[in-house]
Participant: 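To start, I am sharing the structure in question, which I have written as structure tokens.
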Protein chains: 2
Amino acid sequence: MTAESILNLGEITTQNSYRCSKQRNLILDTLVESKKHLNAQELYELVRKKRPKISLGTVYRNLNLLQKLGLVNTIYHHGKKRYDGRLETHYHILCVNCDEMTDLEVDGLSDLGIQVDPKTRFRILENGLIFFGICPTCHIEL
Amino acid sequence: MTAESILNLGEITTQNSYRCSKQRNLILDTLVESKKHLNAQELYELVRKKRPKISLGTVYRNLNLLQKLGLVNTIYHHGKKRYDGRLETHYHILCVNCDEMTDLEVDGLSDLGIQVDPKTRFRILENGLIFFGICPTCHIEL
DNA sequence: GTCAATGCAAATCCTTTGCATTCGG
DNA sequence: CCGAATGCAAAGGATTTGCATTGAC
């Protein structure tokens, strides 16, 4: 998995005349492997364990570039950016109790655009859908 | 409509032992009448036309309170807060060309929670759905 | 060698907050 | 009158940016 993403990043950066720096590589790898929705600060703290001299600015700059290259997705959590290294279409749920954001696997929502399209004169490109609810863990605790 | 919202605000603030100040009133009224999704700065500039001494801090403080009282909704636009004085359930579309956010009237989406619920162990409370597309005006221009 | 990327710190943008004063009920 | 709300300015948090130096190709 690590090797894959390194390969992937190398190709894509070269194609776009960017470079595949150690930092950029590490940032992407760490995000993907975390399987979480980290903000820049959290990712910075993880990455720093392997490369203590890295700066927060570098993390921000790289996340912006990786987003532009389509290698990570940005999601907002209370108006703050978080990053998602998972690229397949999926949705998120925010637990209103513990505030954790989790991936949600749902079929049959990919035609949302189709549902909407005929009713408006908008050309729908994609949708951002976030659910608010109570996660299984908090169910039990409440 | 103005009278309505004043009445409404008066009742609700009293019930919650808040007060119905001239500023609070004006802020709510101006937002509702604009029928737009304004950010605090934009609303501040509108409100200042009628009450030049009002401060931006007051606009922020009141928007937060009005949100808590359920009289306005907060929506995020590129991670920044915008406020919506329309309270009925509706969705928004963000035009990726002109960046305008517009209300979207769609039936048959209110059962989104029901679609999702059986597939997960989450208890869905509500959803935040935003569409990204191209608005009729930009269609023509492109 | 060239130009992109880094580390660092300062700057920016949006939003919140502290405080003395004013106003609503 | 009492406590909530205001205006003002300063502070706060997240993100971006300028610049000299380093590193990738």
Side-chain angles (χ1 to χ4, degrees), chain A residues 6-7 9-31 37-45 47-69 71-72 74-83 99, chain B residues 6-7 9-31 37-45 47-69 71-72 74-83 99:
Chain A
I6 288 173
L7 183 61
L9 179 60
E11 282 171 8
I12 293 174
T13 47
T14 305
Q15 284 167 15
N16 292 274
S17 58
Y18 293 112
R19 289 167 190 177
C20 184
S21 71
K22 305 237 169 79
Q23 290 90 333
R24 183 162 297 160
N25 222 324
L26 180 58
I27 287 165
L28 180 55
D29 253 36
T30 307
L31 179 62
H37 312 103
L38 303 173
N39 62 27
Q41 181 70 42
E42 289 163 347
L43 185 52
Y44 168 61
E45 269 145 30
V47 157
R48 207 152 46 140
K49 290 180 184 165
K50 292 202 176 171
R51 183 170 263 266
K53 289 227 186 95
I54 201 169
S55 77
L56 183 55
T58 295
V59 174
Y60 272 107
R61 262 187 294 234
N62 274 293
L63 286 169
N64 284 342
L65 184 70
L66 292 168
Q67 148 95 299
K68 205 168 77 176
L69 295 175
L71 296 171
V72 309
T74 305
I75 50 187
Y76 285 100
H77 180 264
H78 297 314
K80 313 275 150 62
K81 283 183 180 175
R82 293 187 163 264
Y83 298 89
D99 211 45
Chain B
I6 289 174
L7 183 61
L9 180 59
E11 282 171 9
I12 293 175
T13 48
T14 304
Q15 284 165 14
N16 292 274
S17 57
Y18 293 112
R19 288 168 190 178
C20 185
S21 71
K22 305 237 169 78
Q23 290 90 332
R24 181 161 298 159
N25 223 325
L26 179 58
I27 287 165
L28 179 56
D29 252 36
T30 307
L31 179 62
H37 311 105
L38 303 173
N39 62 27
Q41 182 70 42
E42 289 163 348
L43 185 51
Y44 169 60
E45 269 144 31
V47 157
R48 209 152 45 142
K49 289 180 184 165
K50 293 202 176 170
R51 181 171 265 264
K53 289 225 186 97
I54 200 168
S55 76
L56 184 54
T58 295
V59 174
Y60 272 106
R61 263 188 293 234
N62 274 293
L63 286 170
N64 284 341
L65 183 70
L66 291 168
Q67 149 94 297
K68 205 166 77 175
L69 294 175
L71 295 171
V72 309
T74 306
I75 50 188
Y76 284 100
H77 180 265
H78 298 311
K80 313 278 149 61
K81 283 183 178 175
R82 292 186 164 266
Y83 299 88
D99 211 45

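Since this is a predicted model, take the numbers as computed values, not measurements.
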Participant: Taking for each residue the nucleotide of DNA chain C with the nearest heavy atom, is it K22(B) or Y83(B) whose nucleotide lies nearer the 5' end?
Facilitator: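 Nearest-nucleotide comparison on DNA chain C picks Y83(B).
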Participant: Verify whether one side chain among Q23(A) and T58(A) offers a donor that lies under 3.5 Å from an acceptor in the other.
Facilitator: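 The answer is no; no qualifying pair exists.
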Participant: What is the distance, rounded to the nearest whole Å, between atom OH of Y18(B) and atom P of dT6(D)?
Facilitator: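 Distance check: Y18(B) OH to dT6(D) P gives 12 Å.
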Participant: Please give, in whole Å, the distance from dA5(C) P to N64(A) CG?
Facilitator: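 Spelled out: CG on N64(A) to P on dA5(C) is 13 Å.
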Participant: Send over the distance from I12(B) CD1 to dA4(D) P, rounded to a whole Å.
Facilitator: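 Value for this atom pair: 19 Å.
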Participant: Consider side chain to side chain contact (heavy atoms under 4.5 Å, CB included). Of I27(B), L43(B), N64(B), V59(B), which one does Y83(B) pass it with?
Facilitator: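 Looking at I27(B), L43(B), N64(B), V59(B), the match for Y83(B) under the side chain to side chain contact (heavy atoms under 4.5 Å, CB included) is N64(B).
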Participant: Is the shortest side-chain heavy-atom distance between Y76(B) and R82(B) below 4.5 Å?
Facilitator: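 No, too far: nothing below the 4.5 Å cut-off.
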Participant: So, is Y60(B) close to the dT16(C) phosphate, meaning a side-chain N or O under 4.0 Å from OP1 or OP2?
Facilitator: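 For dT16(C), OP1/OP2 do not have a side-chain N/O of Y60(B) under 4.0 Å.
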Participant: Of the nucleotides dT6(C), dT15(C), dT15(D), which has the atom closest to the K81(B) side chain?
Facilitator: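 The answer is dT15(C), which lies nearest to the side chain.
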Participant: Which of these nucleotides, dT16(D), dT6(C), dG7(D), is closest to any side-chain atom of I54(B)?
Facilitator: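 Nearest listed nucleotide: dG7(D).
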Participant: Among the nucleotides dC25(D), dT6(D), dT16(D), which one has an atom lying closest to any side-chain atom of C20(A)?
Facilitator: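 Out of dC25(D), dT6(D), dT16(D), the nucleotide with an atom closest to C20(A)'s side chain is dC25(D).
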Participant: Send over the distance from E11(A) CD to dC25(D) P, rounded to a whole Å.
Facilitator: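 Answer to the nearest Å: 13 Å.
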Participant: Scan N39(B) against the nucleic acid and name what it touches under 4.0 Å (heavy atoms): base, sugar-phosphate only, or nothing.
Facilitator: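 Nothing: the residue N39(B), judged by heavy atoms under 4.0 Å, touches no strand.
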Participant: Picking from dG23(D), dA4(D), dT6(D), which would you name as closest to the side chain of R19(A)?
Facilitator: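 Selected nucleotide: dG23(D).
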Participant: Report the distance from atom CG of L56(B) to atom P of dG7(D), rounded to the nearest whole Å.
Facilitator: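 So the CG-P distance, L56(B) to dG7(D), works out to 11 Å.
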Participant: Want to settle it: does A40(B) or T14(B) sit nearer the 5' end of DNA chain C, counting the closest nucleotide to each?
Facilitator: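 With A40(B) and T14(B) compared, the 5'-side residue is A40(B).
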Participant: Between dA5(C), dT6(D), dA5(D), which nucleotide gets closest to the side-chain atoms of Q23(B)?
Facilitator: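 Closest nucleotide to the Q23(B) side chain: dT6(D).
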Participant: Among dT17(D), dC8(D), dG24(C), which is the nearest nucleotide to the side chain of R61(B)?
Facilitator: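 Of all the options, the side chain of R61(B) is nearest to dC8(D).
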